[in-house]
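FYI, side chains are in, hydrogens and waters are out, and symmetry mates aren't considered; it's all heavy atoms of this structure.
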Amino acid sequence: MSSRRHGLFFCLCCWLLCPVLSTADNEAVFKDVAEEVGLIFVHFNGMSGQHYFPEMTGAGAALFDFDNDGDLDIYLLQGSMLGPGKTIEDALFPPAATPIVDRLFRNELISNGKSTGKLSFRDVTKQSGLLMTGYGMGVTTGDYNNDGWTDLYVTQYGSNHLLRNNGNGTFSDVTESSHTMDEQWGTSAAFLDYDRDGWLDLYVSNYVDFSVLKNNTCYAKSSRQDYCGPASFIALHDRLFHNLGGGEFEEVSDQLMMNYQAGAGLGVITADFNQDGWIDIYVANDGQANQMWINQKGKKFVNNALYAGTAVNIQGRAEASMGVDVGDFDRDGDPDLFITHLMGETNTLYSNEGRGLFEDRTLFYGLGSSSFPYTTFGTGWLDYDNDGWLDLLVLNGAVTELEPLANKKDPYPLHQPNQLFHNEAGKGFSEANYATSSPLKDSYVSRGAAFGDIDNDGDLDVLILNNNGPAQLLLNLVSKTRDWIGLRLTATKSRRDLPGTEIFLTQAGKKQQWFRTGTDGSYCSANDPRVLFTYPDHPQEKSLQIRWPDGSQETRPLPPASQYTEIRQTDGNY
């Protein structure tokens, strides 16, 4: 037995017999500032007592700079009532219901090109023309038409929508003209340039074939009626849309995704997992094997998840995968994966062993027993304490009724507290013992989570969409002990953000740490496209190696500390 296997056996014993160690640090990590900064929003899931499946699955949120003023604005998705209509659209709005809409909030931190010094938000939904009704699920962001303004793609239980940013504070629904319509149950989505042609393509994950007209009846162990799981329904086909330029897309799923088999897709993230210079796609499927679509130089995709070690867990079992994020937690210069799962399972950490081969190291790094009592959706890597190592935040909320809450006649017996895990310098993770007043102790049914530097102070904050509850904006309060680097990677001509760009922190040409640009990941949400990390020790010895989405590479010196720096591709053609 190898030393690694001995270590795994030891950790398995610890996982079964010992509690997870907690950090002794009790300082406040986050503060929920949503109400005080004007972010007033309560999600409505249309809960009717019929236990319609979509009621407890949504929704997500987006952090994006829609007005190009240098700070992050917010888009929050809403639900609706569900009823026995003949179609999905009929079911959304029974005659007695009043439609409610998604919300767009403008960040007032920067106004007229100058910092106001005060974080506050203003609801600009009506002015923007984004009066989106329907049963919202997920959202992704990207500049699909290369005009320098960030657009939105919104997934729903029903018809999805591509919303073009007009550059004047308004949006137009171009779904029909762009040919990106999908009337299935959409969840997470991602923009990516899979063929290096300079135009952002679109991957849309779909869930299951649920209908209110054929609502299956499921029961808890107590014999109460409860929500069904995905196994009660047929999984739906995901969609890959190729951007043709000129505002039009073409669906190429069947042509490019070899031997495709539908899974109940909930989470999507894109990265170059095998480090061959071409961006790949990872799909987290609920209760079925996950998929890792390896890009074959823009000509096709091959699902390599089983060979790569990311289809199932270490026991060879498919899990109820929901959220997903990618990050170099062990600082070895390649992307690692973290997937969230159902209560009774464990969340899963896949460590990249090189060239896109992964190993389930969940137990080895102490992330087993801590996740067993919870169902987790949104998640993200973030260095919350500015020590140079990526920590983990997980957002919890059950999908079937929790007996202790149901016995107390709780009106929505699915709520659970969230969790934060501290990275012990790449040796393991410990659950943070945060202050009593921490909003992480609040018990909600948390779903989507978007990560970004909302106040531009050099640390990641978190926007949380709570199902049938208030939105939370968690501001990072940890004092900074080290300087930081903020990067925005943009195109030569359009100055649009370039998702799929890889940044390597190097010393003497050796890669020491991996970062990527992208807004996808977590669960049904869109993140800050900028890259943020701690300023390294001995910066004069280090540099940045950048691999752009078109495959070209260049080396740059470290930019100044404790500020955001825009790096434009030197010789890009878009």
Check: Is the distance between the ring centroids of W293 and Y203 under 6.0 Å?
Finding: no
Notebook entry, point to check: Under 6.0 Å between ring centres, would you say that holds for F329 and F338?
Noted result: no
Notebook entry, point to check: In a check of side-chain contact (heavy atoms from CB on, under 4.5 Å) between L349 and each of L337, L367, D360, which one passes?
Noted result: L367
Check: Heavy-atom count around E541 CD within 6.0 Å, excluding the residue itself: above 12?
Finding: yes
Margin query: Check for me whether the distance between the ring centres of W381 and F421 falls short of 6.0 Å.
Written below: no
Next item on the list: Please determine if D457 and K480 form a salt bridge, counting it only when a charged side-chain N lies under 4.0 Å from a carboxylate O.
Entry: yes
Next item on the list: Classify the ring geometry between F30 and Y384 as parallel (under 30°), tilted (30 to 60°) or perpendicular (over 60°).
Entry: tilted
Check: Does a salt bridge link D336 with R361, judged by any charged N lying under 4.0 Å from a carboxylate O?
Finding: no
Notebook entry, point to check: Among L393, V394, L392, whose side-chain contact (heavy atoms from CB on, under 4.5 Å) with L420 holds?
Noted result: L393
Note to self: Whether D410 and K408 form a salt bridge (side-chain N of Lys/Arg under 4.0 Å from carboxylate O of Asp/Glu) is what I want to check.
What the structure shows: no
Check: Does NZ belonging to K427 count more than 12 external heavy atoms closer than 6.0 Å?
Finding: no
Checklist line | K511/E502 salt bridge by N-O under 4.0 Å criterion | finding: no
Notebook entry, point to check: Do Y194 and F301 have ring centres separated by under 6.0 Å?
Noted result: yes
Checklist line | Residue R355 excluded, over 12 heavy atoms near CZ under 6.0 Å | finding: no
Item checked: Point-to-point distance, once rounded to the nearest 0.5 Å, from CD of E353 to CG of D332 -> 8.0 Å
Notebook entry, point to check: CD1 of I503 to CG of D328: how many Å apart, nearest 0.5 Å?
Noted result: 12.0 Å
Check: What's the verdict on side-chain contact (heavy atoms from CB on, under 4.5 Å) for F533 and Q513, showing C-alpha distance, side-chain angles and the deciding distance?
Finding: CA-CA 10 Å; F533 57 96; Q513 202 164 357; 5.6 Å; no
